[in-house]
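First comes the structure, then the notes that go with it.
Whatever order the structure lists them in is the order used to number ligands and atoms, beginning at 1. Numbers here simply count residues along the sequence, with the first being 1.
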Amino acid sequence: MAPASTYTLSTGAESPLTGFGLWKVTENTAEVVYNALKAGYRLLDGAADYQNEVEAGKGLRRAIDEGIVKREDVFITSKLWNTFHAYEHVLPAAKRSLADWGVDYFDLYLIHFPISLKYVDPAVRYPPEWDDGNGVVTPSDDPIHLTWKGMEDVYSAGLAKAIGVSNFSGGLLIDLVRYAKVKPAVLQIEHHPYFTQPQLVELAKTLGVAVTAYSSFGPASWLELNHDLALKTPSLLEHSTISSIAKKHNKTTAQVLLRWATQRGIAVIPKSNNPARAKENLESVLFDLEKEDIKAISALNENRRLADPVAIHPALAIYA
Ligand SMILES: NC(=O)c1ccc[n+]([C@@H]2O[C@H](COP(=O)([O-])OP(=O)(O)OC[C@H]3O[C@@H](n4cnc5c(N)ncnc54)[C@H](OP(=O)(O)O)[C@@H]3O)[C@@H](O)[C@H]2O)c1
């Protein structure tokens with residue numbers, strides 16, 4: 001029997017285990033999305049903040065028009081940006097992202113960060129990013145329970161089939177589940193062998209929240225940003241442990257890194273601008289690692305977090 005390539009969310013919806021990440025897909029996004037769908041991807045992980053939702057939507061539309069996919073075949077994720085956390089801004093922000101994609105619902109809509117920043121009118125600047133354009137970051141005091149109420153409105157209006165969160169710590173997730181009328185279906189977090197977050201993954205499991213991993217290749221994604229810690233972190237794609245496991249299975253190191261997550265029920269959303277690598281990533285569910293491989297990879301954990309907004313502003317120390 002072929003290994004499963006999908007899993008079931010708490011909502012009952014099926015989601016692919018391997019999706020296509022859209023962060024830093026800045027050139028030819030429509031073409032990249034079209035090619036990803038043509039290659040067989042059925043999950044696209046987007047966000048207002050990635051500045052490419054219009055282009056991504058064009059790629060999706062082309063694939064639909066050419067009969068490659070139907071809308072309902074594709075699991076589309078978008079994310080609420082930090083400047084839209086006030087209750088009254090959540091629904092309009094979701095609607096803006098939907099209009100940009102040219103679809104009438106998302107399969108999943110996530111709170112991108114447990115961070116609220118001062119509202120920026122989309123007519124003034126969109127997407128607003130972290131600072132005001134002059135390097136000034138202004139935190140705002142919208143509590144998450146009201147943001148979640150807005151997310152529940154998005155869900156109730158049928159604009160998202162599932163809602164969830166990203167970059168939430170255990171404490172915030174436990175609290176959210178206490179008051180949520182619509183439970184979060186997904187938690188999207190940084191997860192790779194240098195940063196395995198076993199307790200958070202286990203907590204999500206006990207709460208019935210599915211985990212999606214981002215930055216599955218560890219530092220690889222962060223090098224182009226000249227990220228200090230990433231530059232000092234040895235490559236996972238060339239790590240001797242990963243390489244020897246890859247050799248044993250006649251797979252690439254990227255495929256081993258992805259399979260290490262998906263075989264443990266954690267979805268992945270690798271990004272690649274290169275069609276051959278994108279195909280390789282998608283095919284990573286087509287083999288199984290041995291138990292001892294998984295154990296050896298998990299043992300590489302160093303609690304080395306790469307994605308931390310504290311680097312932007314001390315008031316954003318969500319993991320302190
Ligand atoms: N929720 C959040 O806060 C958050 C944060 C970060 C990311 N994300 C999501 O997660 C997605 C993935 O994370 P990520 O973008 O950080 O990085 P990633 O997928 O871990 O890594 C991307 C990097 O790896 C390279 N790569 C991809 N496939 C490869 C392969 N088979 N062999 C060798 N190199 C390969 C890519 O280069 P090429 O393009 O040249 O192949 C790129 O430099 C994002 O696109 C985004 O959708 C979410």
Side-chain angles (χ1 to χ4, degrees), residues 16 18-29 31-33 35-36 39 41 43-53 56 75-82 108-115 127 129-130 164-169 184 186-195 197 211-227 229-231 233 235-239 242-243 246 251-262 266-285 305-309 311-312 316 318-319:
T18 311
F20 191 90
L22 288 167
W23 182 41
K24 295 195 258 92
V25 179
T26 48
E27 281 170 31
N28 307 322
T29 304
E31 187 83 13
V32 170
V33 166
N35 285 334
Y41 278 92
L43 187 161
L44 301 169
D45 184 77
D49 185 53
Y50 299 163
Q51 311 191 19
N52 55 13
E53 293 199 296
F75 190 102
I76 304 178
T77 302
S78 181
K79 307 184 191 90
L80 177 78
W81 187 240
N82 306 335
L108 179 64
Y109 196 55
L110 302 176
I111 296 182
H112 205 148
F113 286 92
I115 289 173
E129 306 193 53
W130 292 91
V165 294
S166 182
N167 300 304
F168 272 45
S169 61
V186 170
L187 168 68
Q188 186 177 121
I189 51 169
E190 178 180 349
H191 179 77
H192 47 75
Y194 290 143
F195 193 55
Q197 307 210 63
V211 175
T212 298
Y214 71 70
S215 296
S216 295
F217 306 136
S221 151
W222 299 84
L223 297 177
E224 65 188 274
L225 302 176
N226 280 325
H227 183 285
L229 185 56
L231 290 168
T233 302
S235 167
L236 277 173
L237 291 162
E238 288 165 20
H239 193 288
I242 312 292
S243 298
K251 297 290 169 189
T252 66
T253 51
Q255 289 176 318
V256 167
L257 289 166
L258 296 173
R259 193 61 183 136
W260 164 77
T262 56
I266 296 177
V268 292
I269 42 173
K271 164 264 173 192
S272 181
N273 286 332
N274 175 297
R277 288 197 283 275
K279 182 169 182 286
E280 174 185 322
N281 295 343
L282 184 62
E283 289 173 352
S284 62
V285 285
R305 185 193 295 281
L306 297 169
D308 193 338
I312 296 166
L316 309 183
I318 53 174
Y319 305 119

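Polar contact check, Ser216 against ligand 1: a nitrogen or oxygen pair lies under 3.5 Å apart. Checking only distances, Trp222 never comes within under 3.5 Å of ligand 1, N or O to N or O. Note: an N/O pair closer than 3.5 Å links Ser166 and ligand 1 by distance alone. The shortest N or O to N or O distance between Lys79 and ligand 1 is not below 3.5 Å.
Using the six-membered ring where Trp is involved, Phe113 and Trp130 have ring planes that are perpendicular, over 60° apart on the 30 and 60° scheme. Note: Tyr194 and His192 have perpendicular aromatic rings, judged against thresholds of 30 and 60 degrees for the angle between ring planes.
Ile269 places a side-chain heavy atom less than 4.5 Å from the side chain of Tyr214. Side-chain contact between Ser166 and Ile189 is absent, with no heavy-atom pair separated by less than 4.5 Å.
Shown in contact with Gln188 at under 4.0 Å from a heavy atom are these atoms of ligand 1, numbered in order with element: 1 (N), 2 (C), 4 (C), 8 (N), 9 (C), 48 (C). Those atoms of ligand 1 that come under 4.0 Å of a heavy atom in His112, given as number and element, are 1 (N), 2 (C), 3 (O). Listed by atom number, the atoms of ligand 1 under 4.0 Å from Tyr50 heavy atoms are 4 (C), 8 (N), 9 (C), 46 (C), 47 (O), 48 (C). Interface of Pro270 with ligand 1, defined as ligand atoms under 4.0 Å from a residue heavy atom, comprises 19 (O). Using a 4.0 Å cut-off to heavy atoms of Asn273, the atoms of ligand 1 that qualify are 38 (P), 39 (O), 41 (O).
Between the side chain of Lys79 and the backbone N or O of Gly46 there is at least one donor-acceptor pair closer than 3.5 Å. Judged purely by atom type and a 3.5 angstrom limit, Asn52 has no side-chain atom pairing as donor or acceptor with the backbone of Thr29. No side-chain donor-acceptor contact under 3.5 Å links Ser215 to the backbone of Gly218. Within the 3.5 Å criterion, the main-chain N or O of Ala278 finds a donor-acceptor partner in the side chain of Tyr41. Side chain of Ser284 to main chain of Gln255: no donor-acceptor pair is present (N/O by atom type, distance under 3.5 Å, no hydrogens or angles). Between the Asn28 side chain and the Glu31 main chain, no donor and acceptor come within less than 3.5 Å of each other.
If you check which protein heavy atom lies closest to atom 13 (O) of ligand 1, you get Ser215 N, 3.2 Å. Closest to atom 24 (O) of ligand 1, if we only count protein heavy atoms, is Phe217 CD1, 3.5 Å. Scanning the protein for heavy atoms near atom 30 (C) of ligand 1, the closest one is Arg277 CD, 3.3 Å. The protein heavy-atom contact nearest to atom 2 (C) of ligand 1 is Tyr214 CE2, 3.3 Å. Ranking protein heavy atoms by distance to atom 44 (C) of ligand 1, first place goes to Trp23 CB, 3.5 Å. The nearest protein atom to atom 43 (O) of ligand 1, hydrogens excluded, is given as Ala220 O, 3.8 Å; this is a heavy-atom distance. Scanning the protein heavy atoms around atom 47 (O) of ligand 1, the nearest turns out to be Asp45 OD2, 2.6 Å. Among protein heavy atoms, the minimum distance from atom 3 (O) of ligand 1 is reached at Asn167 ND2, 2.9 Å.
Contacts between Leu237 and ligand 1 below 4.0 angstrom, taking non-hydrogen atoms only, involve the side chain exclusively. At a heavy-atom cutoff of 4.0 Å, ligand 1 is contacted by both the backbone and the side chain of Lys271. Contact annotation for Ala254 and ligand 1: only side-chain heavy atoms (C-beta onward) come within less than 4.0 Å of the ligand. With a 4.0 Å heavy-atom cut-off, ligand 1 is reached by the side chain of Asn281 but not by its N, CA, C or O.
Separation of atoms NZ (Lys251) and CZ (Arg259) is listed at 10.5 Å; rounding is to 0.5 Å. The structure places NZ of Lys24 at 3.0 Å from OG of Ser221, a figure rounded to the nearest 0.5 Å.
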Could you walk me through whether Phe217 and His239 pass the ring pair (Phe, Tyr, Trp, His ring centres under 6.0 Å) test, one step at a time? CA-CA 11 Å; Phe217 306 136; His239 193 288; over 10 Å; no
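Under a 4.0 Å heavy-atom criterion, Phe113 is in contact with ligand 1.
With respect to the salt-bridge test (charged N to carboxylate O, under 4.0 angstrom), the residues Arg305 and Glu190 do not qualify.
With atom 12 (C) of ligand 1 as the reference point, the heavy atom nearest to it among Leu236, Leu223, Ile269 is part of Ile269.
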